[in-house]
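Letters go in sequence order (proteins before strands), and every chain restarts at 1. Everything numeric in this text was worked out from a predicted model, so none of it was measured.
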There are 2 protein chains.
Amino acid sequence: MSKAPTTDGLAKAARKRKAPRPRKSSGDAATVNGDAPRIARMEDVARRAGVSLMTVSRALRFPDTVADDTRQRIEEASAALNYVGSRLAGQLATGRTRLVAVVLPDLRNPAFALAMQGLSDALGEEFELVVSGTHGVQSGEERVIRALLGYRPAALVVHGGRHDAATRDLLANSGIPVVEMGSLVTRSTSFMVGYSNRAAGKAATQHLIARGYRRIGFVSQPKRDNSRADERWQGFRAALAAAGLTPRPILEIETELGYERGAEVFAELRRRDRKLDAIFFTSDRWALGALFHCQREGIAVPGEVAIMGFDDLDIAALAVPALTTIHVPRYEMGWESGKLLRAQIAGQTLARRSVDLGFELKVRETT
Amino acid sequence: MSKAPTTDGLAKAARKRKAPRPRKSSGDAATVNGDAPRIARMEDVARRAGVSLMTVSRALRFPDTVADDTRQRIEEASAALNYVGSRLAGQLATGRTRLVAVVLPDLRNPAFALAMQGLSDALGEEFELVVSGTHGVQSGEERVIRALLGYRPAALVVHGGRHDAATRDLLANSGIPVVEMGSLVTRSTSFMVGYSNRAAGKAATQHLIARGYRRIGFVSQPKRDNSRADERWQGFRAALAAAGLTPRPILEIETELGYERGAEVFAELRRRDRKLDAIFFTSDRWALGALFHCQREGIAVPGEVAIMGFDDLDIAALAVPALTTIHVPRYEMGWESGKLLRAQIAGQTLARRSVDLGFELKVRETT
DNA sequence: TTGTAAGCGTTATCAA
DNA sequence: TTGATAACGCTTACAA
């Protein structure tokens with residue numbers, strides 16, 4: 001008896017010797033003795049169904065392994081108590097979560113919203129998305145990712161491109177499948193799904209040059225904070241160089257996103273060079289703002305100035321004149337990322353580390 | 001000795017008597033004896049810093065309660081191991097999570113994206129958003145919410161309006177603060193933050209009537225699946241009735257959202273009534289699609305037909321002619337919901353169960 | 001087919 | 001100021 005006693009009584013006594021943390025009321029979940037209705041636990045269901053905890057766990061996850069009548073009793077009890085299993089507990093126990101963490105520069109950007117929908121669709125119902133925005137600030141990225149990793153997600157989706165050293169480190173050592181969605185640029189340890197912003201920027205510019213435009217303005221978000229902007233700019237410069245055109249920094253403007261800003265920047269660029277004959281806006285929002293501005297002011301597009309956008313928003317094709325722009329497969333990026341992650345979560349080892357979904361130059365009426 | 005022995009040895013022996021589940025390698029997280037680098041646990045940090053588990057826990061959460069040098073050692077160890085605490089475990093232990101569940105009809109809708117940003121901003125960094133879309137299908141709502149509740153979120157945000165009985169039940173018994181965001185309509189147990197779609201629909205229609213339009217078309221999403229659509233329609237009908245106009249169901253069309261559909265529906269309505277003098281589109285997307293269509297076809301707006309939108313998308317004000325529409329405070333809805341939830345999570349009991357953020361009729365050039 | 005015990009990684013409680 | 005222990009609600013491994 002003094003050595004390894006086997007009665008429950010003693011074992012439990014041994015466990016409870018020290019002051020235990022007071023547990024929540026252990027009355028049946030339905031029969032609450034207090035005020036707020038306690039959330040039903042699996043144990044409550046078990047008690048009500050007259051079986052053990054484990055039988056409930058099994059009945060809920062592997063219905064076939066439990067006797068029919070038992071299962072039925074459990075299902076009734078579960079429904080009666082409005083039981084919703086704690087995934088926190090479940091996932092802690094299994095070591096696997098069904099969460100996919102998503103880090104985006106800006107939640108309100110419709111382009112990202114589209115990608116998220118694709119991601120969500122590809123992942124299906126068994127996964128949930130935990131989303132966080134960095135407000136476009138690169139320095140915030142590591143903190144946000146770290147916070148998300150605390151939930152031990154099954155996978156991580158970040159917006160591709162440039163990351164600081166700490167972030168790269170975090171991604172590389174996260175121990176979970178990571179997809180960088182959007183840009184295709186850096187050598188990286190993660191999978192990449194997207195297109196080349198540099199190539200797209202170059203293609204857009206080459207189109208303008210091919211159309212005969214020579215004095216071309218360039219509008220983007222601050223390149224310092226925004227790697228996409230920087231890559232598109234590199235493409236822009238590369239196209240100029242390839243055509244033997246001298247870059248004119250005075251015609252390159254950085255500004256915040258927004259339709260109104262498009263009109264302002266348009267006017268500013270024309271002020272800087274009266275003979276400006278085309279502008280490459282790296283977002284349709286500016287381009288459309290400028291286009292409407294021209295319409296209002298009676299400026300002929302592309303007669304006086306050609307306008308090139310980027311993104312191919314839904315309205316781009318409908319505006320009058322219809323906007324020439326670069327189409328990017330937003331939804332598909334999400335979808336492809338989701339498929340890739342599912343495969344990896346399922347244990348597959350994938351070889352290809354990069355999926356180029358390409359882009360499409362949509363030549364319409366503004367160039 | 002036979003009664004309540006106090007030595008650790010025996011207590012542990014008693015616990016370990018039966019075949020224990022094989023634990024993961026217990027080597028230091030950095031010195032892995034296998035292949036994949038194990039994620040560091042708090043215990044690893046403790047070992048490395050030469051303190052107990054609890055001291056680490058304290059040092060990380062309440063730095064002030066730990067001796068300076070101890071804390072420093074712990075911070076170093078934590079950094080060296082790239083330690084990221086498991087929120088799964090932490091939140092299971094505390095019974096409180098820092099997750100806010102969000103259920104939206106459609107992730108890709110820019111309007112919802114804006115609200116999400118507001119929500120995220122108001123909640124701040126200590127909360128994460130778990131997001132799920134229902135694809136506009138009301139019947140999917142309960143399942144989605146149930147799945148989300150499994151994560152024991154600190155609060156729940158659903159898109160307001162109509163819910164089926166099972167969903168209402170779930171919301172009422174969730175035991176956490178719930179905000180219905182968007183519509184202000186049903187009596188509900190949850191808080192509501194939004195505006196009255198009915199009032200907005202009525203105001204829009206009254207504006208058209210006041211302008212002298214009498215044969216007014218109405219375009220919306222299927223009212224059956226979409227409570228907002230239904231409420232706006234009720235407002236539409238109410239305005240007609242108040243003005244003594246006879247409703248003409250033939251001029252009411254249901255269709256899917258999309259710019260292109262706007263042009264199609266516009267043409268269809270004009271076919272149904274050649275003397276149609278105005279159309280109330282319950283989304284700017286259709287309205288703008290129709291507007292561009294008119295521009296292309298040389299149809300005078302509002303000369304031949306007046307166009308009224310809903311939502312006040314950014315472009316609405318810039319289009320030529322600028323679109324008359326209803327402005328809805330999307331970002332503010334999210335922000336207000338977030339503030340409300342934070343207060344409730346913090347334990348405050350709030351009296352007001354409904355926040356009417358109103359809407360604004362933006363009279364511009366298309367009416 | 002069902003049940004028991006141990007463990008997931010953290011925090012609350014109490015003792016030292 | 002620090003540490004030992006039980007508990008959070010579930011699942012895995014094993015026994016019955």
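A close approach under 4.0 Å does not occur between any side-chain nitrogen or oxygen of A:Tyr151 and OP1 or OP2 of C:dT10. Distances shown here put every side-chain N or O of A:Thr94 at or beyond 4.0 Å from the OP1 or OP2 atom of D:dT11. B:Thr65 has no side-chain polar atom (N or O) that falls below the 4.0 Å cut-off from OP1 or OP2 of D:dT1. Phosphate contact (OP1/OP2 of D:dT11, side-chain N/O of A:Ser57, threshold under 4.0 Å): present. Proximity of B:Arg61 to the phosphate of C:dA12: a side-chain N or O atom is located under 4.0 Å from OP1 or OP2.
In this structure, B:Gln91 atom CD and D:dA7 atom C1' are separated by 17 Å, rounded to whole Å. B:Leu53 places its CG atom 10 Å from the P atom of D:dG3, with the value rounded to the nearest Å. Rounded to a whole Å, the CZ atom of B:Arg41 is 15 Å from the P atom of C:dT11. Rounded to an integer number of Å, the gap from CZ of B:Phe62 to C1' of D:dT1 is 15 Å. Look at CZ on A:Arg47: it is 12 Å from P on D:dG9, rounded to the nearest Å. Atom CZ of A:Arg98 is separated from atom P of D:dC10 by 18 Å (rounded to the nearest Å). Across the protein-nucleic acid pair, A:Leu60 atom CG and C:dT2 atom P stand 14 Å apart, rounded to whole Å. For A:Asp68 and C:dT2, the CG to C1' distance is 15 Å, given to the nearest whole Å.
Residue A:Arg71 is out of contact with every strand shown, counting any heavy-atom pair closer than 4.0 Å. Contacts of A:Tyr83 with the nucleic acid, taken as non-hydrogen atoms under 4.0 Å apart, involve only primed sugar atoms and P, OP1 or OP2. No contact: B:Leu88 has no heavy atom under 4.0 Å from any strand.
Between B:Met54 and A:Ala89, the residue anchored nearer the 5' end of DNA chain D, judged by the nucleotide with its closest heavy atom, is B:Met54. Between B:Ser86 and B:Arg58, the one whose closest nucleotide on DNA chain C sits nearer the 5' end is B:Ser86. DNA chain D is contacted by both B:Asp69 and B:Leu92; B:Asp69 maps to the nucleotide lying nearer its 5′ end (nearest heavy atom per residue).
Between B:Thr167 and B:Asp164, the closest side-chain pair of non-hydrogen atoms falls below 4.5 Å. Side chains of B:Leu119 and B:Trp335 form no contact here, defined as non-hydrogen atoms less than 4.5 Å apart. Contact check for A:Met181 versus A:Met116: no side-chain heavy atoms found under the 4.5 Å cut-off.
Taking both residues in full, the closest heavy atoms of B:Ala154 and B:Pro177 are given as O-CD, 3.3 Å, listed atom of the first, atom of the second, then distance. Annotation for A:Ser120 and A:Leu129: closest pair CB-CD2, 3.9 Å, computed over non-hydrogen atoms.
Among C:dG7, D:dG3, C:dG3, the nucleotide with an atom closest to any side-chain atom of A:Ser52 is C:dG3. Distances from the side chain of B:Ala93 to the nucleotides D:dG3, D:dT2, C:dT11 place C:dT11 closest. Of the candidates D:dT2, C:dT2, C:dT10, C:dT2 carries the atom nearest the A:Thr55 side chain, counting heavy atoms from C-beta on. For A:Met42, counting side-chain heavy atoms from C-beta on, the closest listed nucleotide (C:dG3, D:dC10, C:dT10) is D:dC10.
At distances below 3.5 Å, at least one donor-acceptor pair connects side-chain atoms of A:Asp44 with backbone N or O atoms of A:Arg41.
Scanning atom types as modelled, no donor and acceptor separated by under 3.5 angstrom connect the side chain of B:Arg87 and the base of C:dG9.
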